[in-house]
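Within every chain, numbering begins at 1; the chains are lettered A, B, ... in the order of the sequence lines, protein sequences first and strands thereafter.
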There are 2 protein chains.
Amino acid sequence: MSEPFELASVNVSVTPEEKFQEFLATKGMRLTHERSLIVEEVFADHSHFDAEELVERLKKRNVSRATVYRTLNCLEEAGLLRKVARTNDRDVYEHDYGYPQHDHLICGKCGSLTEFHSESLSELLGSVANSHGFLMEGHRLEVYGTCSDCAKPPKRQFRKLDMI
Amino acid sequence: MSEPFELASVNVSVTPEEKFQEFLATKGMRLTHERSLIVEEVFADHSHFDAEELVERLKKRNVSRATVYRTLNCLEEAGLLRKVARTNDRDVYEHDYGYPQHDHLICGKCGSLTEFHSESLSELLGSVANSHGFLMEGHRLEVYGTCSDCAKPPKRQFRKLDMI
DNA sequence: TTCGATGCAAACACTTTGCAAATCC
DNA sequence: GGATTTGCAAAGTGTTTGCATCGAA
């Protein structure tokens, strides 16, 4: 039962929906049935997704595309979601609540995102920002390349680019 | 006359236009007058820009929007340009030739990009990728926050959020 | 019972594409 | 002279918005 990350530093006793509720309250906004469904769908598992995927999943639950987009923006502003990357011209979202800071290795072949966390990285960025008098609030790091699965060819096949 | 970066490791004896020419040749493509104008405009100075800005600048030279977009993609593929960030829903380009690897501090207030380079960062990413069996080909790092200019308030003004 | 929220469709911003005419080699 | 490239405008994306209706507090 080992967790991929330590969750100790984050208060997880408040559910995402409750946290959203709090946020909405401060804005004089309401936690409607639709917004509730969206939060439920978004936090059903910890996977990366884009708006269109979510629209598709919520269509079955009779939530409109407009509402999904509107709510995604709210969830981002509320600190429950964040954009991590861009794939196929779409923003990719992931949970930004109850889950620690990390970055991604992005495979150019299969498009998979692999998460990693490095304390040294945070320290490094802190000192870089500091030396520029820059007040760091966050960062986004995408490492491009080929993931281990795609790197090992399944079996010997045709060469794509043989020298003539 | 100090340069911001060492250019020693890059062969700058070949101009961007020549390098583009080479690339086009390998693709059976031609270095037309329009493409030439675009390269000239792009490499006139070392500043960040987006497609729309370039379209605007080249309109005066009678190059169409479509050609600018098409050529930007070519220049990226040729390794002469790369996308560095996204601002206002637009991709921001910068030179990727005759200029060393670096990353950016992005100011959320004024939108300015400040370049920095860290060798330790490259090493760190290399070892992270390595430990995941990931073949790193490049990365993109954006550090968000407030730049030194925007951080120091011009003069004491109203507090935006006074406690009541 | 009052605002805020929803769904719909139209509007948007950025980018790509089909096609005939122009251009390059 | 034949293939590539251009400009134009139309089509495509992903996302936002105006508005009448609906619904939560």
Side-chain angles (χ1 to χ4, degrees), chain A residues 17-18 20-42 48-78 81-93 111, chain B residues 17-18 20-42 48-78 81-93 111:
Chain A
E17 178 160 1
E18 285 164 341
F20 193 33
Q21 169 82 282
E22 285 172 24
F23 169 82
L24 291 171
T26 69
K27 295 271 189 176
M29 294 167 79
R30 297 161 182 170
L31 180 58
T32 62
H33 184 225
E34 285 81 0
R35 302 221 245 242
S36 203
L37 287 175
I38 293 171
V39 172
E40 186 182 317
E41 201 68 56
V42 162
H48 300 99
F49 64 91
D50 62 47
E52 216 52 37
E53 283 170 31
L54 196 60
V55 165
E56 195 53 39
R57 285 202 270 157
L58 281 155
K59 199 178 291 176
K60 301 165 193 157
R61 308 246 236 152
N62 298 313
V63 182
S64 74
R65 153 181 266 87
T67 298
V68 172
Y69 274 95
R70 280 189 276 238
T71 305
L72 278 176
N73 288 335
C74 287
L75 286 169
E76 196 185 355
E77 204 191 335
L81 285 182
R82 65 182 187 123
K83 293 176 181 161
V84 272
R86 212 155 211 268
T87 314
N88 304 126
D89 293 318
R90 291 177 183 180
D91 284 317
V92 177
Y93 289 91
Chain B
E17 178 160 2
E18 285 165 340
F20 193 33
Q21 169 82 281
E22 284 172 25
F23 170 81
L24 292 170
T26 69
K27 293 273 189 173
M29 293 167 81
R30 298 162 183 169
L31 180 56
T32 62
H33 183 226
E34 284 80 359
R35 302 220 246 242
S36 202
L37 287 175
I38 293 171
V39 172
E40 186 182 318
E41 200 68 56
V42 163
H48 300 99
F49 64 93
D50 63 46
E52 216 52 38
E53 284 170 31
L54 197 59
V55 165
E56 196 53 40
R57 285 202 269 156
L58 281 155
K59 200 178 289 175
K60 301 167 194 159
R61 308 246 237 155
N62 299 311
V63 182
S64 73
R65 153 181 265 88
T67 298
V68 171
Y69 273 96
R70 280 189 277 237
T71 304
L72 278 176
N73 288 336
C74 286
L75 286 169
E76 196 185 355
E77 205 190 332
L81 285 182
R82 66 182 187 122
K83 292 175 182 164
V84 272
R86 216 154 208 271
T87 315
N88 304 124
D89 292 318
R90 291 177 182 180
D91 284 317
V92 178
Y93 288 92

Each nucleotide in nucleotides 18-25 of chain D should get exactly one letter: B, S or -. Can you fill that in based on protein heavy atoms under 4.0 Å? B----BB-
Identify the heavy atoms of Asp91(B) and Arg86(B) that sit nearest to each other, and give their distance. OD1-NE, 3.1 Å
Provide, to the nearest angstrom, the distance between the CG atom belonging to Asn73(B) and the P atom belonging to dT6(D). 13 Å
Please determine, for the side chain of Ser64(B), which listed nucleotide (dC8(D), dG14(D), dA5(C)) has the closest atom? dC8(D)
Between Glu53(A) (CD) and dG14(D) (C1'), how many Å, whole number? 14 Å
Nearest-Å distance, CE (Met29(A)) to P (dT2(C))? 22 Å
Using whole Å, what does the distance between atom C1' of nucleotide dT16(D) and atom CG of Leu72(A) come to? 13 Å
Atom CG of Leu37(B) and atom P of dT5(D): how far apart are they, to the nearest Å? 16 Å
What is the distance, rounded to the nearest whole Å, between atom CG of Leu54(A) and atom C1' of dG14(D)? 14 Å
Any residue meeting side-chain hydrogen bond (donor to acceptor under 3.5 Å, both in side chains) with Thr32(A), in chain and number order, not counting sequence neighbours: none
Within the 4.0 Å heavy-atom criterion, would you say Asp50(A) contacts the bases, only the backbone, or no part of the nucleic acid? nothing
As a test of reading the structure: which of dT16(D), dT5(D), dG14(D) is closest to the side chain of Arg90(A), going by heavy atoms? dG14(D)
Side chain to side chain, Cys74(B) and Met29(B), heavy atoms closer than 4.5 Å: yes
Mind calculating the distance between CG (Asn62(B)) and P (dA22(C)) to the nearest angstrom? 16 Å
dT16(D) phosphate, OP1 or OP2, under 4.0 Å from Tyr69(A) side-chain N/O: no
Does a side-chain heavy-atom distance below 4.5 Å link Glu53(A) with Asp50(A)? yes
What distance do Glu17(A) atom CD and Leu31(A) atom CG have between them, rounded to the nearest 0.5 Å? 5.0 Å
With a 3.5 Å distance limit and no angle check, can you tell me whether Arg90(B) reaches the backbone of Ala51(B) through a side-chain donor-acceptor pair? no
